[in-house]
Amino acid sequence: MMEYNFRKIEQKWQKYWAENKIYKVEINDKPKFYVLDMFPYPSGAGLHVGHPLGYIASDIFSRYKRLCGFNVLHPMGYDAYGLPAEQYAIQTGQHPAVTTETNIKRYREQLDKIGFSFDWDREVRTCDPKYYKWTQWAFIQMFNSYYCNKYQQARPISELIEAFALHGTCGIDAACSKPLQFTAEEWNLKGEIQRQEILLNYRMAYLADTVVNWCAALGTVLANDEVSEGLSIRGGYPVEQKIMKQWCLRVSAYAQRLLNDLDKLDWSESLKETQRNWIGRSEGAEIKFHIESINTDLTVFTTRADTIFGATFMALAPENEHADKLTTEQQKQEVSQYIERTKRRTERERIADRSVTGAFTGSYATNPVNGEKIPIWISDYVLAGYGTGIIMAVPAHDSRDYAFAKHFNLPVIPLIEGCDVSAESFDAKEGIMINSGFLNGLTVTQAIEAAKQYIENNNLGKRKVNCRLRDAIFSRQRYWGEPFPVYYRQGMPYTIDEHKLPLELPDIDIFLPAETGEPPLGRAKNWQTDEGCPLELNTMPGFAGSSAYYLRYMDPHNDKELVSAEANKYWRNVDLYVGGTEHATGHLIYSRYWNKFLFDLGVTVEDEPFKKLINQGMIQGRSNFAYRIKGTNKFVSAGLKNQYDTTAIHVDVNIVKNDVLDIEKFKNWMPDFNNAQFILEDGKYICGYAVEKMSKSMYNVVNPDVIVESFGADTLRMYEMFLGPVEQSKPWDTNGIDGVHRFLRRFWSLFFDSDGNFNVSDEKASRQELKCLHKTIKKIQTDIENFSFNTSVSAFMICVNELMPLKCNKREILEPLTVILSPFAPHIAEEIWHLLGNQSSICNAAFPAYSEELLAEHTFEYPVSFNGKVRFKKELPLTFNAKQIEEATLADPATQKWTEGKTPRKIIVVTGKIINIVT
RNA sequence: GCCUUGGUGGUGGAAUUGGUAGACACGCGGGACUUAAAAUCCCGUGGGCAGUAAUGCCUGUGCGGGUUCAAGUCCCGCCCGAGGUACCA
């Protein structure tokens, strides 16, 4: 019997694929299909067995689509800029470019062993100047654009300049940082610097003083999605709020479109919901409250305009610019102390300690609907960055206002009939209004509308939609990132000439910030334009390079354009995107924004980048434990550990099989255990286990290379799919892998006779064999399309289990079977495909069609007995539904016999058994 | 708190979307081959009861109700887990 020599087979075909560029794609007249994986950041640790999960799934899908006649674009590249390489550089002095290169090489080796169908000629690296030229180019386009709210579109800033010269801000409805008003005369009188300053207020990419998340440990600012609960996502260092001059992208201008277009995407509901929450649209109103003492209006934002009669105080964020002038002489000390105190607190402390604090300014505001005077307070529960940074507080119907009012003894006025506010606020938006003047008697929903109407009619404010989504902070005080194509003249930023791109990242040898406190680029020599203007010292953040990489794959070698119109028109956008859910509020928002911006410019033909998205689950580690009896070097098997006082010790999972410890290997594993003793059960040492994160320190890392070495890439691929649904997170457990490996060996053996000769006959297949094949084709096809790969693998196993006893070696059956297996196990399929006498690669084969007729066909014998349940003499069809049976049985008068005089209305039959007869 | 998901044997997981619950695989038990082991192959395997037996019966998808000839699946009310998110006014 010829052995299934997977090592030889896999090496052979991987070489063949690479040498003949089998997976190279070009534009042709076939329909296109674009399958994309989120490209990896090549970390120093290499790939563990969890990383390729998504790549395997997308590879199966790509190969399948190719068999179905699509021209499939399936590229891969590297997200090569990033913090870890730079941190490593700071510690070792090793240039990040060097470590990145090494890591990429290692990644590539590991990936190549798994047999992917990537077109490596299209590889991109974000740190490659030929690539980041287009990241910089896009930035320049953003700098030179503004967002027109009227057309809901980005437009050239030159339009705005023209308009200013003709009409000033009159008639302009543009997204901006701060509303401005000036006339054409005023504009025309302004100097260059003033004009540039004004334009920054409108540019899509702009420089501004903003409150940023400053991470001192990393020495850089972070975007909102890079921070969680006051700590940096990378490293978990504390983050504080600070005002700094930073480059920002006006992502918020696109909030509404980003929200609306979610509806047309084929993404999971939970992911769309996460994005909706992140965008955080809320409809409400801005209402002006007059402050007599300083003769100004303060504007608050509220979604509950209906509760305005219950506003018993007003509160400002401590950072609010009006805080100072509102504070009376007597209150000055208290207020400034309070503001100082909140300033010192980090974001994290604020989250940890939510006790009610605040200070009274001494001033009063006038409630515009009833003329009441209400005190103005300052409190850190009001956020500077949301709404106007000022709220009208309605303690009766907002729990935070309620807590504040109770603490400082401020009045609580209930506004909804029958609600009890003695112990807590009534936050629900239901009930009938009371104590509310003209709103009395209305329901809350009606009152919200009526109040907004009233406010607008009386010029007390206006309707307003607010979003939580803020502009993206785009500067990083780091070295290992894209340089900004920006220089400064008289302190104002200008972009360099597009034709001079890329602006290459200069070499430096120390990667710490410069002594002057400037970012690392401050150390670069001659970091200036030819005219001697200083260049920007910040670099771009990680998401810059990953925001449009899917476009670059369409036309990766084009040095004239990001992507040619021809390539873009053909490939359009990504049909299937596979990646982790951790990018929900980062990359997946920025990419959508970036794409929409390029769409507005006419660079892309589709306004959404990723049509369908699959989030693959994480593969966790499955750790094993040995139990050492305290104070000894004696280990007790898991089943007996309760009889002793033990400590659990992580054991390397690679020396454990089916939770049975290999004692010899264990003794050699670490010097400490050389003379360890063991208390066994049934002659074995059984380990305990737990599901944890896959990490070196838990000794539960399984390396794909090791699996490929001992079982082969095809087994690895199929086993990863067999483990469970792709979307689901699950622990890796090497134990079950034998089953899949056994399947491949059985499949292999179908093609060989007992003497080990390749033996496939051209005989006609039997009906049974054909049924088995067609059933499998149908199942595999629907499963792949539903991304249900675990059940696909089962279907193959069932098929082989059925064919084995029949000793089926017929080409008519086995050849199509090989084709449908090829997306899953491409190496073995390719080998057999060639053994069958085919010349070109199996990926050029066609996915076989199944015959619905063959599967639907069924023959009946009438029941032999009936007493509640009926059995049929003969085997019934493989699949049919109740409806088919109902029709079939009723069509024959013989069926009426068994119901003793009554005519059956409905006969329900399930896979050969009558379940019920309704008369 | 809110949003999104899940809850099925010893384990990973199936179930044509309302139709024999537990496919397939692991593990376990038994057997064949072998001097032996590995590999391979065959049989059994949710729980319980009855029977020499083929087999039959009861019970069973987190808990409690409901709709239906029929519920893991639909409806109402709970419990638990996972993920996201939050002084967002």
Side-chain angles (χ1 to χ4, degrees), chain A residues 1 3 228-229 268-278 280-282 284-285 300-305 307 311 315 317 350-351 354 356 379-383 385-394 397-401 403-404 427 466-470 581-582 584-585 615 617-618 622 658-660 689 718-719 722-725 727-740 742-743 745-746 749 778-779 782 788 790-801 804-805 869 878-883 885 905-919:
Chain A
M1 166 80 179
E3 266 301 304
S228 175
E229 300 194 342
S268 74
E269 207 36 58
S270 66
L271 195 89
K272 288 202 239 182
E273 205 50 39
T274 304
Q275 289 214 342
R276 284 190 195 108
N277 289 341
W278 189 260
R281 181 182 197 274
S282 62
V300 304
F301 174 74
T302 180
T303 54
R304 295 291 303 272
T307 61
R350 266 178 70 153
I351 290 165
R354 292 208 178 158
V356 177
S379 176
D380 66 358
Y381 86 91
V382 182
L383 301 179
Y386 187 77
T388 59
I390 309 172
I391 60 160
M392 64 171 205
V394 186
H397 303 290
D398 182 286
S399 54
R400 296 154 302 179
D401 298 345
F404 194 87
D427 291 15
N466 255 332
C467 284
R468 206 185 78 103
L469 182 73
R470 320 257 183 97
T581 177
E582 66 273 17
T585 53
N615 287 120
M618 281 225 282
R622 187 180 185 281
N658 288 334
D659 290 337
V660 177
Y689 73 90
M718 289 195 91
Y719 185 55
F722 185 67
L723 225 43
E727 291 96 327
Q728 196 174 302
S729 286
K730 58 238 159 187
W732 175 267
D733 184 358
T734 308
N735 289 337
I737 201 164
D738 290 341
V740 171
R742 204 169 289 145
F743 155 76
R745 280 214 300 265
R746 279 146 105 5
S749 73
K778 184 179 179 180
K779 173 82 176 141
T782 49
S788 175
N790 55 330
T791 51
S792 308
V793 178
S794 297
F796 282 120
M797 291 177 173
I798 294 168
C799 180
V800 169
N801 285 350
M804 284 290 283
K869 280 188 182 171
L878 294 162
T879 51
F880 53 81
N881 55 37
K883 202 178 154 213
I885 293 305
R905 198 158 51 82
K906 201 172 168 189
I907 302 168
I908 297 156
V909 182
V910 179
T911 332
K913 268 186 194 167
I914 291 191
I915 299 287
N916 206 334
I917 296 181
V918 186
T919 53

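Hydrogens, waters and symmetry mates play no part in the numbers below; they use all other heavy atoms, side chains included. Predicted, not measured: the structure shown is a model, and the values here were computed from it. Order of the sequence lines fixes the chain letters, A, B, ..., with proteins taken first and strands second; residue numbering starts at 1 for each chain.
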Enumerate the protein-to-nucleotides 38-42 of chain B contacts in which both atoms are nitrogen or oxygen and the separation is below 3.5 Å.
from	atom 1	to	atom 2	distance (Å)
rA39(B)	O3'	Arg745(A)	NH2	3.2
rU40(B)	OP1	Arg742(A)	NE	3.4
rU40(B)	OP1	Arg745(A)	NH2	2.4

Expressed as a whole number of angstroms, how long is the span from [X]:[atom1] to [N]:[atom2]?
{"X": "Glu273(A)", "N": "rC3(B)", "atom1": "CD", "atom2": "C1'", "answer": "6 Å"}
{"X": "Tyr386(A)", "N": "rA86(B)", "atom1": "OH", "atom2": "P", "answer": "13 Å"}
{"X": "Trp732(A)", "N": "rC26(B)", "atom1": "CH2", "atom2": "P", "answer": "15 Å"}
{"X": "Arg400(A)", "N": "rC2(B)", "atom1": "CZ", "atom2": "P", "answer": "15 Å"}
{"X": "Arg276(A)", "N": "rG84(B)", "atom1": "CZ", "atom2": "P", "answer": "19 Å"}
{"X": "Lys779(A)", "N": "rA14(B)", "atom1": "NZ", "atom2": "P", "answer": "10 Å"}
{"X": "Ile391(A)", "N": "rA89(B)", "atom1": "CD1", "atom2": "P", "answer": "11 Å"}
{"X": "Asn277(A)", "N": "rU5(B)", "atom1": "CG", "atom2": "P", "answer": "12 Å"}

Can Asp401(A) and Met392(A) be said to form a side chain to side chain contact (heavy atoms under 4.5 Å, CB included), step by step?
CA-CA 9 Å; Asp401(A) 298 345; Met392(A) 64 171 205; over 6 Å; no

Where each pair must be Watson-Crick or G-U wobble with both distances under 3.5 Å, what dot-bracket representation of RNA chain B is obtained, with crossing pairs in [ ] and other-strand partners as |?
(((((((..(((......[....)))((((((.......))))))(((((....)))))..(((((..]....))))))))))))....

Here the pair of heavy atoms bringing Val300(A) nearest to Thr388(A) is CA-OG1, 3.5 Å

Can you see which heavy atom on Ala584(A) is nearest to which on Gln275(A), and at what distance?
O-NE2, 2.9 Å

Between Ser270(A) and Met392(A), which residue's closest nucleotide on RNA chain B lies nearer the 5′ terminus?
Ser270(A)

Nearest heavy atom decides the nucleotide; on that basis, is Glu269(A) or Val740(A) closer to the 5' end of RNA chain B?
Glu269(A)

Looking only at atom [atom1], what distance separates [N] and [M], rounded to whole Å?
{"N": "rG9(B)", "M": "rG48(B)", "atom1": "C1'", "value": "14 Å"}
{"N": "rG83(B)", "M": "rG65(B)", "atom1": "C1'", "value": "30 Å"}
{"N": "rA82(B)", "M": "rG77(B)", "atom1": "C1'", "value": "23 Å"}
{"N": "rA71(B)", "M": "rU59(B)", "atom1": "P", "value": "13 Å"}
{"N": "rG10(B)", "M": "rG62(B)", "atom1": "P", "value": "14 Å"}
{"N": "rG27(B)", "M": "rC3(B)", "atom1": "P", "value": "44 Å"}
{"N": "rC74(B)", "M": "rU16(B)", "atom1": "P", "value": "11 Å"}
{"N": "rG13(B)", "M": "rU4(B)", "atom1": "P", "value": "24 Å"}

Per the glycosidic torsion and the 90° limit around 0, nucleotide rG9(B) is syn

For rU17(B), measure the glycosidic angle (O4'-C1'-N9-C4 for a purine, O4'-C1'-N1-C2 for a pyrimidine) and name it syn if it falls within 90° of 0, otherwise anti.
syn

With sequence neighbours excluded, what pairs up with Lys730(A) under the side chain to side chain donor-acceptor pair (under 3.5 Å) test?
none

Can you name the side chain to side chain donor-acceptor pair (under 3.5 Å) partners of Thr585(A), sequence neighbours left out?
none

NZ/NE/NH1/NH2 to OD/OE distance under 4.0 Å, Arg304(A) and Asp427(A):
no

Under the 3.5 angstrom rule, does the side chain of Asn466(A) hit a backbone N or O of Ser282(A) as a donor-acceptor pair?
no

Go through rA25(B), rU4(B), rA15(B) for me and flag the one nearest to the Asn801(A) side chain.
rA25(B)

Nearest to side-chain heavy atoms of Arg468(A), which nucleotide of rA86(B), rA89(B), rA15(B)
rA86(B)

Is the phosphate of rC87(B), meaning OP1 or OP2, less than 4.0 Å from a side-chain N or O of Ser379(A)?
no

Phe404(A): partners by side chain to side chain contact (heavy atoms under 4.5 Å, CB included), with sequence neighbours left out:
Phe313(A), Val356(A), Trp377(A), Ser379(A), Tyr381(A), Phe408(A), Leu410(A)

When we call it a touch if two heavy atoms are under 4.0 Å apart, what does Asp659(A) touch: a base, just sugar-phosphate, or nothing?
nothing

Base versus backbone protein contacts along nucleotides 6-13 of chain B [heavy-atom cut-off under 4.0 Å; B, S, -]:
------BS

Name the orientation class of the two ring planes belonging to Tyr386(A) and Phe301(A) (parallel below 30°, tilted from 30 to 60°, perpendicular beyond 60°).
perpendicular

Start with the C-alpha distance between Ser794(A) and Lys779(A), add both sets of side-chain angles, then the distance that settles side chain to side chain contact (heavy atoms under 4.5 Å, CB included), and finish with yes or no.
CA-CA 10 Å; Ser794(A) 297; Lys779(A) 173 82 176 141; over 6 Å; no

Would you check, one step at a time, whether the test side-chain hydrogen bond (donor to acceptor under 3.5 Å, both in side chains) holds for Asn277(A) with Arg468(A)?
CA-CA 8 Å; Asn277(A) 289 341; Arg468(A) 206 185 78 103; over 6 Å; no

Can you find a pair of side-chain heavy atoms, one from Trp732(A) and one from Tyr719(A), that are under 4.5 Å apart?
yes

Check whether any side-chain heavy atom of Met797(A) lies under 4.5 Å from a side-chain heavy atom of Val740(A), and answer yes or no.
yes

